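This structure is a prediction, so every number in the text was calculated from the model and none was measured.
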Amino acid sequence: MTKTKLLRDLRALDTRLHSTEMQNFFSTKTEPTRARFVSLRNEVSQQVSKLTNAELEDIANKLSELSADIESGIENLQAKLDALNNTVAILNTISTVVGLVGRVLAFTA
């Protein structure tokens, strides 16, 4: 299981644990049972938050690693767009920037 799938599955579980169906089901149970449910549900929510933060930290690290290349690519693209005289250069520069940002996003998969 990948980190992305784990996070997706935990988010789905967290949503289901907060559903009206679950609320109604546990509302008929004893106080200790309801308290345990709430405690465990909160633990799932905390795990989702921790994994989300770790994922964002991974993205930030990758972004930091590629930051200079992305900035250079964007500046280069801005110069090409300002000149508006070389279609191939504009498209190639857009492709470079999109590729670099794609590398940051691919790191999260």
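Within the model, atoms OG of S72 and CG of L66 stand 12.0 Å from one another, a figure rounded to the nearest 0.5 Å. From M22, atom CE reaches atom CZ of R41 across 10.5 Å, with rounding to the nearest 0.5 Å. Interatomic distance, CG of L13 versus NE2 of H18, reported as 10.0 Å (0.5 Å rounding). Between atom CZ of residue F26 and atom CD of residue E21 there is a gap of 10.5 Å, rounded to the nearest 0.5 Å.
A donor-acceptor pair under 3.5 Å is absent between the side-chain atoms of S39 and the main chain of A35, judged by distance alone. Under a 3.5 Å cut-off, the side chain of N42 and the backbone N or O of V38 do form a donor-acceptor pair.
Remark: F25 pairs with no residue by the ring-ring contact (aromatic ring centres under 6.0 Å, His included) rule, at least two apart or across chains. Shown here are the side chain to side chain contact (heavy atoms under 4.5 Å, CB included) partners of T15, two or more places apart in sequence or in another chain: there are none. The side chain to side chain contact (heavy atoms under 4.5 Å, CB included) test applied to E43 returns L40, Q47, not counting sequence neighbours.
Contact check for R11 versus L51: no side-chain heavy atoms found under the 4.5 Å cut-off. Considering only heavy atoms from C-beta on, I70 comes within 4.5 Å of L63 through its side chain.
Between V44 and L17 the shortest heavy-atom distance is CG2-CD1, 4.0 Å.
For the residue pair S67 / S64, no side-chain donor-acceptor distance below 3.5 Å is found, with atom types taken as modelled.
Under the 4.0 Å criterion applied to side-chain N and carboxylate O atoms, K62 and D58 are not assigned as salt-bridge partners.
Heavy-atom neighbours of R34 CZ from other residues, nucleotides or ligands within 6.0 Å: above the threshold of 12.
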Taking it one step at a time, do T30 and T33 satisfy side-chain hydrogen bond (donor to acceptor under 3.5 Å, both in side chains)?
-> CA-CA 5 Å; T30 65; T33 301; 2.9 Å; yes
